[in-house]
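Structure, as structure tokens:
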Amino acid sequence: ACVAHIGDSRVYLSRSRNLTLLTRDHSLVEELVRQGSLSEDEARNHPQRSILTRALGTSEEPQVEYTELELEEGDIFLLCTDGLTAELSDAEIGAVLASEGDPQAKADLLVEMAKRCGGSDNITVIVVEDHA
């Protein structure tokens, strides 16, 4: 699998019931967290959490992060906007991805859960499962 990423949408991998974030947010607040200036809890509600440090269309040569990984049978990928991750914890997301059901049903459930938690931003979710 190849993942190219820029901005603050995320890609997760659920493998053997373990959820791993494959991307990192390109935002001011996330950079402050990486530097140790903010905690994860402080970042969650920080007023500047939407300020991006990288995005498509802001420069002629954007700095895109790229990674490759070997697929394993049963891998589940989640592509989502920050509207999902602002409302649900990784544990909640991981539980849905590890549950029975088809990818569309899981995506629909995640959107509904985020809406019930407030849904203050756009919520976009794509779930892709590998059945190699």
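Everything numeric in this text was worked out from a predicted model, so none of it was measured.
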First locate atom OG of Ser9, then atom CG of Leu84, and finally report the distance between them rounded to the nearest 0.5 Å.
10.5 Å
Check the pair Arg24, Glu30 against salt bridge (charged side-chain N to carboxylate O under 4.0 Å, His left out), reporting the backbone distance first and the verdict last.
CA-CA 8 Å; Arg24 60 185 188 149; Glu30 182 61 27; over 6 Å; no
Would you confirm whether Asp102, through its side chain, and Gln104, through its main-chain N or O, come within 3.5 Å as a donor-acceptor pair?
yes
Do you know which two heavy atoms are closest between Leu88 and Cys117, and how far apart they sit?
CD2-SG, 3.9 Å
If I take atom OH from residue Tyr12 and atom CG from residue Asn18, how far apart are they, to the nearest 0.5 angstrom?
14.5 Å
Verify the distance criterion only: is there a donor paired with an acceptor across the side chains of Glu65 and His26 at less than 3.5 Å?
yes
Verify same cluster id: Val125, Leu19 (apolar side-chain graph, 4.5 Å):
yes
Is there a path from Ile93 to Leu13 through hydrophobic residues (I, L, V, M, F, W, Y) whose side chains come within less than 4.5 Å of each other?
no
Should the heavy atoms of other residues, nucleotides or ligands under 6.0 Å from CZ of Arg34 be counted, would the total exceed 12?
yes
Could you check whether any side-chain N or O of Arg54 sits under 3.5 Å from a backbone N or O of Ile6, counting only pairs where one atom can act as donor and the other as acceptor?
no
How many angstroms lie between CD1 in Ile76 and NZ in Lys106, if you round to the nearest 0.5 Å?
3.5 Å
Linking I/L/V/M/F/W/Y whenever their side-chain heavy atoms sit closer than 4.5 Å, directly or via other members, would Phe77 and Val96 fall into one cluster?
no
Are Leu110 and Val128 linked, directly or through intermediate hydrophobic residues, by side-chain heavy-atom contacts shorter than 4.5 Å (ILVMFWY only)?
no
Can a donor-acceptor pair be found, under 3.5 Å and without considering hydrogens, that links the side chain of Thr23 to the backbone of Val11?
yes
Please identify each residue that fulfils salt bridge (Lys or Arg N to Asp or Glu O under 4.0 Å) with Glu87, with sequence neighbours left out.
none
I'd like to know if the side chain of Ser39 and the backbone of Glu42 have a donor-acceptor N/O pair within less than 3.5 Å.
yes
Ionic contact status for Asp82 with Arg10, cut-off 4.0 Å
no
What residues form a side-chain hydrogen bond (donor to acceptor under 3.5 Å, both in side chains) with Asp8, not counting sequence neighbours?
none
What heavy-atom pair brings Ser27 and Thr53 nearest, and what distance separates the two atoms?
N-OG1, 3.5 Å
Gln63 atom CD: more than 12 heavy-atom contacts under 6.0 Å
no
Heavy-atom nearest pair, Cys80 first then Thr85, reads SG-CG2, 3.8 Å
With sequence neighbours left out, the residues meeting side-chain contact (heavy atoms from CB on, under 4.5 Å) with Ala91 are Ser89
Verify, without hydrogens or angle tests, whether Thr81 (side chain) and Asn122 (backbone) share a donor-acceptor contact under 3.5 angstrom.
yes
Would you call Arg116-Glu112 a salt bridge at under 4.0 Å N-O?
no
